[in-house]
Amino acid sequence: MSVNDNLFVIILASAIFYGTPLVFASLGELLAERSGVINLGVEGMMLLGAVCAALVASNIDGPAALILPLALVAAMAAAGLGAAIHAFLVITLRVNQIISGLALTIFAGAAGLSSYLANVWGLGKNPAINQFGRMNLFGLKGVPVLGPIVFDQTMLTYLSWLMVVLASVYLFRTRMGMHLRAVGESPQTADSVGISVVRYRYGHVIVGGMFAGIAGACFSLTIVPTWANGLTSGQGWIALALVIFGFWRPDLTLVGAYLFGALSSLRFTLQARGIDIPSALLNALPYLATIIVLVLVSNSRISRKLGSPAALGRAYEREER
Amino acid sequence: MTTDVDSKAAIAPAVAAFGISKRFPGVIANDDVNFDVRVGEVHALLGENGAGKTTLSNVLTGLYRPDAGHLEMAGQRVSFDSPRAAIDAGIGMVHQHFRLIPTFTVAENIALGAPMVGEGRLMRMSNIEERIAELGEQFELRVDPTARIWQLSVGEQQRVEILKVLYRNATTLIMDEPTAVLTPLEADALTATMRSLTRQGRSVIFISHKLGEVLSVADRITVLRQGRSVATMDAAGSTRESLANVMVGREVERVQRRGTGALPGAPVVLDVHDLSSDGDRGLAALRSVSFSVRGGEVVAVAGVAGNGQRELVEVLAGLRPRTSGQIDVDGEVMDRADARHPIRMGVAYVPQDRLGTGLAPDLSIAENLVLKRYRRPPVARPPFLRSSVINAEADELMERFDVRAPSSQTPTRRLSGGNVQKVLLAREMSGNPKVLVVSTPTQGLDIGAVATVHQLLLDAAASGVGVLLVSEDLDEVLALADRIIVMYEGGITGVVDAQDATVASIGMLMGGGQSSEEVA
């Protein structure tokens with residue numbers, strides 16, 4: 001038996017595979033939250049992304065190199081549109097962010113728009129014609145240990161790594177990133193030095209939604225890979241917890257995403273090995289872990305210490321006479 | 001100095017306002033305001049609350065556009081359609097409530113939103129830090145650019161605010177009540193900074209309602225009253241009295257403690273022993289505080305805001321749990337931590353947040369007046385309230401405490417600050433308390449109302465009530481108190497008899513100094 005069949009190598013490799021949508025989704029939520037806007041609509045936006053990606057990937061003929069990027073763009077556009085609704089409600093109309101986000105998930109979610117569109121478009125009967133397959137990057141798949149973990153992932157995983165690096169540099173090394181953090185920490189201060197709070201918030205909520213769209217596409221284009229109603233199975237909620245778990249930092253969020261990815265993959269890897277743990281328990285593991293994380297950080301004082309943006313969840317209104 | 005001023009007057013003023021008017025629905029906030037700031041001058045805008053100082057500074061910083069009148073800078077006509085335009089023209093605002101982000105470093109806060117200089121795509125904090133160090137050197141504003149704001153003292157944070165506008169090349173700095181949050185020592189340092197700025201050709205517009213500091217800092221003073229600029233004078237020839245009269249428009253009498261406080265045999269009505277409590281963040285905010293107040297005595301608690309005063313009064317009022325210690329009211333132990341217990345024991349409480357904590361803003365004056373007595377006769381015949389009694393009592397109390405309002409049915413949110421405070425005092429005194437705890441009772445009131453409130457507090461003491469007065473205003477403390485307790489970082493750094501106290505000696509204790517002897 002080669003070292004690459006070792007249980008830990010397999011768990012790590014599948015942690016990355018299953019964790020990839022979580023990386024995208026939590027990265028998007030992180031951007032929105034850094035601007036001071038919570039978006040509980042992640043799950044709904046992911047489903048919108050998933051259904052639109054599935055539509056493009058299974059209904060349009062063409063070379064995969066063309067169709068797959070197109071599917072991603074469709075996913076980003078649909079989820080970005082969902083995020084724009086949330087942005088308009090909470091930034092312009094100053095609706096409560098929690099309620100608006102929940103409404104978005106319910107509206108777009110498993111019992112809403114996404115399943116309606118899938119019905120209308122007749123999706124879900126067949127696997128997607130075009131999929132993101134595993135890549136065998138540089139032909140290094142066979143390298144011991146690192147091969148399956150690093151070099152045998154899909155394009156989406158490599159894209160997510162690039163995004164994590166870009167987001168880190170953006171947040172902490174560029175002027176725009178600093179302005180974004182200022183808007184999330186103290187919109188009054190940002191406003192007083194001429195930073196447009198409204199523009200930054202709109203921008204990052206919508207871009208955050210686009211990330212959620214890619215996360216959804218990960219399911220319908222690689223993990224499942226076809227359309228199934230509610231195929232994200234609540235992972236959008238896990239992404240929300242991951243932002244907190246990662247202290248609002250892209251790098252730590254990636255680590256958290258893979259931890260939860262490992263938990264999600266355990267049911268497959270352990271069953272394949274014939275290790276007998278009730279599958280219901282394994283299925284529940286990621287959600288159980290989410291609850292534990294949320295309980296641990298629910299205290300606002302702790303959350304503040306972890307680095308929660310100080311103005312998170314609060315509408316900004318310039319004081320005027 | 002005089003020749004200096006003359007030569008400055010020869011060149012065009014740094015900033016000048018001509019006939020500025022600004023109206024809001026129902027209010028004329030600025031009405032034909034004229035004044036000019038010379039290059040290298042500290043020019044004070046003096047006025048009571050509501051005199052139009054804030055509106056004027058908002059016009060100067062581009063937040064408001066004036067309805068009439070215009071601004072000139074160095075002889076050129078200018079108009080600002082946004083705060084950014086004013087910043088670009090060289091006008092910088094040092095806000096009273098700091099616009100700083102606690103989790104950011106000094107350098108990040110200063111660079112925030114400022115145009116980038118000599119940078120590529122990525123920020124180079126080291127360039128920014130160097131420039132801040134240079135500015136700090138030039139204007140004697142030393143602060144570590146890599147420190148995070150939350151690690152800094154209030155005085156240092158203010159230096160960051162000043163550096164922020166200097167970093168944007170401001171030639172005229174507007175400082176809005178800059179000493180309100182400072183200890184006397186820090187205020188002295190700020191004065192030195194202003195001198196350093198003006199020496200190097202910058203101009204300062206200094207907004208204040210405190211006569212003393214205006215006289216000591218400013219070169220010239222423009223007094224605003226009811227939106228109009230009523231006079232501009234040289235600080236050199238002015239006195240507190242002359243300024244106060246111009247500011248208010250009539251002769252002002254200052255209330256001064258006349259008696260000698262508690263009689264030697266007067267009973268102790270409030271005895272606090274080893275009291276400790278946590279602040280909102282769960283950290284110790286009040287550390288083993290002990291003191292007592294006798295009937296008929298005014299004991300003042302002085303200190304810079306945030307040194308445990310709020311926690312102290314909230315524990316006394318039963319609004320905050322204590323972690324240890326004992327409180328005796330008139331010889332009885334106060335042992336339950338709820339708000340009703342202290343009321344029953346005779347502790348009256350006038351909170352700092354008058355309309356938020358003190359009164360229910362949407363309820364009428366009459367209803368507010370019985371908020372602490374509505375459970376029992378004669379106001380109630382449980383479970384019903386007797387509105388005839390309530391209204392009759394309200395009329396009587398309004399008469400006695402000189403509350404000016406259309407009727408006892410007026411909601412308290414419509415009252416002026418002075419009348420709000422009178423309603424609060426009327427309610428608290430009508431319960432025949434043994435102890436009256438008042439927190440910054442005159443903050444934000446105009447001079448006339450201040451005198452009335454001071455008189456009411458002295459009246460309360462004269463009737464045998466022990467008054468505990470928490471205040472950041474040293475003039476008020478010195479005018480009213482028999483004894484002064486100074487708090488610093490949750491502890492008491494000194495208890496001084498009012499006769500022996502000076503601003504300098506108390507200021508030293510406010511900054512944590514243990515002994516007042518070296519200063520005096």
Side-chain angles (χ1 to χ4, degrees), chain A residues 30 33-36 165-201 203 247-250 297-312 314 316-321, chain B residues 22-27 29-30 54-55 58-59 61-64 82-88 92-95 97-105 107-117 119-125 128 148-150 160-161 164-165 167-168 278-283:
Chain A
L30 183 152
E33 291 197 10
R34 279 285 188 175
S35 82
V165 173
L166 287 181
S168 289
V169 172
Y170 173 72
L171 267 178
F172 299 112
R173 296 293 312 279
T174 70
R175 195 162 285 268
M176 265 185 85
M178 183 170 83
H179 291 181
L180 169 67
R181 289 183 288 131
V183 168
E185 285 289 333
S186 170
Q188 290 79 12
T189 303
D191 194 23
S192 76
V193 294
I195 298 170
S196 168
V197 175
V198 168
R199 229 184 284 166
Y200 269 84
R201 287 195 164 171
F247 304 167
W248 287 266
R249 287 177 45 175
V297 300
S298 62
N299 183 317
S300 66
R301 216 163 66 215
I302 295 176
S303 153
R304 196 67 197 95
K305 268 189 198 139
L306 293 182
S308 164
L312 185 59
R314 288 210 300 273
Y316 175 62
E317 196 164 4
R318 190 186 271 179
E319 9 173 335
E320 283 185 63
R321 225 170 138 148
Chain B
K22 180 73 186 170
R23 289 177 194 79
F24 296 100
V27 199
N30 279 169
T54 306
T55 305
N58 285 342
V59 168
T61 54
L63 211 56
Y64 296 157
S82 73
R84 182 42 71 78
I87 292 169
D88 292 344
M93 177 88 184
V94 177
H95 294 275
H97 303 288
F98 302 148
R99 303 284 167 87
L100 297 172
I101 296 172
T103 53
F104 278 27
T105 66
E108 285 176 324
N109 267 287
I110 291 174
L112 197 65
M116 25 195 227
V117 197
E119 270 185 49
R121 280 181 193 286
L122 297 184
M123 274 192 304
R124 299 279 286 279
M125 279 332 273
I128 297 165
R148 292 189 186 275
I149 297 299
W150 59 265
V160 177
E161 278 278 290
K164 210 161 118 181
V165 299
Y167 187 84
R168 289 159 172 75
D278 288 344
D280 292 341
R281 298 185 171 188
L283 305 172

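Letters A, B, ... mirror the listed sequences (proteins, then strands); counts begin at 1.
For the options B:N58, B:T61, B:I101, heavy-atom pairs under 4.5 Å to chain A are most numerous at B:I101.
How far CZ of B:F104 is from CE of A:M178: 6.5 Å, rounded to the nearest 0.5 Å. The distance from the CZ atom of A:F172 to the CE atom of B:M125 is 13.5 Å, given to the nearest 0.5 Å. Rounded to the nearest 0.5 angstrom, A:S186 OG and B:R99 CZ are separated by 8.0 Å.
With a 4.5 Å cut-off on side-chain heavy atoms, A:V193 and B:R168 count as touching. Considering only heavy atoms from C-beta on, A:Q188 stays 4.5 Å or farther from B:H97 through its side chain.
With hydrogens and angles ignored, the 3.5 Å screen pairs no side-chain donor or acceptor of A:R175 with any backbone N or O of B:G113.
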For this session: Could you check B:L112 against A:I195 for side-chain contact (heavy atoms from CB on, under 4.5 Å), going step by step and ending with a plain yes or no?
Result: CA-CA 9 Å; B:L112 197 65; A:I195 298 170; 3.8 Å; yes
